[in-house]
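Just below is one structure, and these are the notes that go with it.
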Amino acid sequence: EKDISLSPNGNWLVGWGSVNTSSSGARLYQYPSTYPLQTLVEGQVKTVLWQPDSKGFFIQSDDALFHLSFPGLNADEIEAGFLSQEPLEMIWIE
(Lines give C-alpha, C1' and ligand atoms only; values in the text may rest on other atoms or scores of the structure.)
Protein backbone atom coordinates (compact mmCIF):
# COMPACT_ATOMS: atom_id res chain seq x y z
CA GLU A 1 0.00 0.00 0.00
CA LYS A 2 1.22 3.47 -0.83
CA ASP A 3 -0.88 5.27 1.80
CA ILE A 4 -2.23 4.05 5.13
CA SER A 5 -4.37 5.37 7.96
CA LEU A 6 -4.23 3.73 11.38
CA SER A 7 -7.34 3.90 13.56
CA PRO A 8 -7.03 5.98 16.76
CA ASN A 9 -7.26 2.82 18.92
CA GLY A 10 -4.51 1.16 16.85
CA ASN A 11 -6.53 -1.97 15.96
CA TRP A 12 -7.43 -1.23 12.33
CA LEU A 13 -5.62 0.02 9.28
CA VAL A 14 -6.97 1.27 5.94
CA GLY A 15 -4.52 1.04 3.05
CA TRP A 16 -4.93 2.54 -0.42
CA GLY A 17 -3.08 3.96 -3.38
CA SER A 18 -0.98 0.97 -4.29
CA VAL A 19 1.72 1.72 -6.83
CA ASN A 20 0.30 -1.26 -8.72
CA THR A 21 -2.55 0.35 -10.70
CA SER A 22 -4.50 -2.93 -10.70
CA SER A 23 -4.88 -2.51 -6.91
CA SER A 24 -6.90 0.71 -6.77
CA GLY A 25 -9.42 1.13 -3.99
CA ALA A 26 -9.09 0.85 -0.22
CA ARG A 27 -8.59 -2.24 1.90
CA LEU A 28 -9.12 -2.91 5.61
CA TYR A 29 -6.43 -4.62 7.67
CA GLN A 30 -6.38 -5.69 11.28
CA TYR A 31 -3.07 -4.40 12.57
CA PRO A 32 -0.40 -5.88 12.52
CA SER A 33 -1.48 -8.38 9.80
CA THR A 34 -0.32 -7.67 6.25
CA TYR A 35 -3.30 -9.52 4.72
CA PRO A 36 -6.40 -7.45 3.86
CA LEU A 37 -9.70 -8.44 5.49
CA GLN A 38 -11.86 -6.85 2.80
CA THR A 39 -11.96 -4.29 0.02
CA LEU A 40 -13.85 -1.19 1.16
CA VAL A 41 -14.20 0.76 -2.11
CA GLU A 42 -13.01 0.05 -5.64
CA GLY A 43 -12.26 3.59 -6.91
CA GLN A 44 -9.18 5.73 -6.54
CA VAL A 45 -8.92 6.87 -2.90
CA LYS A 46 -7.63 10.33 -1.99
CA THR A 47 -8.34 10.69 1.73
CA VAL A 48 -9.27 8.57 4.77
CA LEU A 49 -10.33 10.14 8.09
CA TRP A 50 -11.10 8.00 11.15
CA GLN A 51 -13.71 8.90 13.74
CA PRO A 52 -12.01 9.51 17.13
CA ASP A 53 -13.79 6.43 18.59
CA SER A 54 -12.44 4.15 15.80
CA LYS A 55 -16.00 2.92 15.06
CA GLY A 56 -16.05 4.35 11.55
CA PHE A 57 -14.27 6.46 8.99
CA PHE A 58 -14.75 8.60 5.90
CA ILE A 59 -13.23 7.85 2.49
CA GLN A 60 -12.97 10.27 -0.43
CA SER A 61 -12.97 8.10 -3.53
CA ASP A 62 -13.27 9.38 -7.10
CA ASP A 63 -15.65 12.34 -6.82
CA ALA A 64 -17.60 11.31 -3.69
CA LEU A 65 -17.29 11.16 0.09
CA PHE A 66 -18.36 7.91 1.80
CA HIS A 67 -18.92 6.99 5.45
CA LEU A 68 -18.25 3.43 6.63
CA SER A 69 -18.89 2.16 10.15
CA PHE A 70 -18.43 -1.10 11.99
CA PRO A 71 -19.73 -3.78 11.95
CA GLY A 72 -21.17 -3.65 8.40
CA LEU A 73 -18.66 -1.31 6.73
CA ASN A 74 -21.13 -0.41 3.98
CA ALA A 75 -19.96 2.55 1.91
CA ASP A 76 -22.77 5.10 2.40
CA GLU A 77 -22.36 8.06 0.06
CA ILE A 78 -22.43 11.37 1.95
CA GLU A 79 -21.79 13.82 -0.89
CA ALA A 80 -20.75 13.64 -4.54
CA GLY A 81 -19.43 16.08 -7.11
CA PHE A 82 -16.00 16.91 -5.73
CA LEU A 83 -13.53 18.06 -8.36
CA SER A 84 -10.85 15.41 -8.78
CA GLN A 85 -8.01 17.93 -9.01
CA GLU A 86 -9.07 19.75 -5.81
CA PRO A 87 -7.83 18.21 -2.53
CA LEU A 88 -10.46 17.66 0.17
CA GLU A 89 -9.28 18.77 3.58
CA MET A 90 -11.12 17.21 6.50
CA ILE A 91 -10.91 17.83 10.23
CA TRP A 92 -12.83 16.38 13.17
CA ILE A 93 -14.62 18.92 15.39
CA GLU A 94 -16.21 17.81 18.64
Side-chain angles (χ1 to χ4, degrees):
E1 303 288 359
K2 182 175 173 244
D3 295 299
I4 59 169
S5 181
L6 184 63
S7 66
N9 67 8
N11 292 331
W12 304 100
L13 181 79
V14 175
W16 72 96
S18 174
V19 292
N20 178 356
T21 56
S22 66
S23 296
S24 66
R27 289 154 291 284
L28 178 72
Y29 298 83
Q30 189 165 25
Y31 185 77
S33 175
T34 59
Y35 299 101
L37 297 173
Q38 74 182 79
T39 298
L40 302 167
V41 294
E42 298 287 338
Q44 294 290 83
V45 173
K46 295 181 188 248
T47 307
V48 174
L49 176 68
W50 282 92
Q51 294 176 198
D53 62 7
S54 298
K55 293 182 180 180
F57 48 91
F58 296 86
I59 292 179
Q60 182 190 10
S61 178
D62 294 330
D63 68 343
L65 180 65
F66 298 92
H67 180 251
L68 296 88
S69 61
F70 291 98
L73 291 178
N74 297 319
D76 297 323
E77 186 177 290
I78 301 295
E79 185 71 40
F82 296 101
L83 299 174
S84 60
Q85 66 270 23
E86 294 293 323
L88 177 67
E89 294 186 25
M90 299 188 299
I91 60 170
W92 192 267
I93 299 174
E94 297 206 28

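The first residue in the sequence is number 1, and the count goes up from there. Because only heavy atoms are used, hydrogens play no part in the values below, and waters and symmetry mates are left out as well, while side chains stay in.
Considering all non-hydrogen atoms of both residues, L65 and Q60 come closest at CD1-N, 4.1 Å. Looking at every heavy atom in both residues, G56 comes nearest to D53 through N-OD1, 4.3 Å. Listed here is the closest heavy atom pair of E1 and G17: OE1-N, 4.3 Å. Considering every non-hydrogen atom in both A26 and V45, the closest pair reads CB-CG2, 3.7 Å. Across every non-hydrogen atom of L6 and W12, the tightest pair is CD1-O, 3.2 Å. Shown here for G25 and Q44, the closest heavy-atom pair between the two residues is N-OE1, 4.4 Å.
For H67 and Q51, the side-chain atoms include at least one donor-acceptor pair closer than 3.5 Å.
Rounded to the nearest 0.5 angstrom, I78 CD1 and L68 CG are separated by 9.0 Å. Taking NZ of K55 as the start and OG of S7 as the end, the distance is 12.5 Å to the nearest 0.5 Å.
Between Q38 and R27 there is no side-chain heavy-atom pair separated by less than 4.5 Å.
If you run side chain to side chain contact (heavy atoms under 4.5 Å, CB included) between L40 and each of F57, W16, F66, only F57 comes through.
Classification of the F70-W50 ring pair by plane angle, with boundaries at 30° and 60°, yields parallel.
The backbone N or O of E42 lies less than 3.5 Å from a partner atom in the side chain of S24, making a donor-acceptor pair. The closest donor-acceptor contact from the side chain of T39 to the backbone of V41 lies at 3.5 Å or more, if one exists at all. Counting only distance, with no hydrogens or angles, the side chain of S5 and the backbone of V14 share no donor-acceptor pair below 3.5 Å. At least one donor-acceptor pair closer than 3.5 Å links the side chain of N9 to the backbone N or O of N11.
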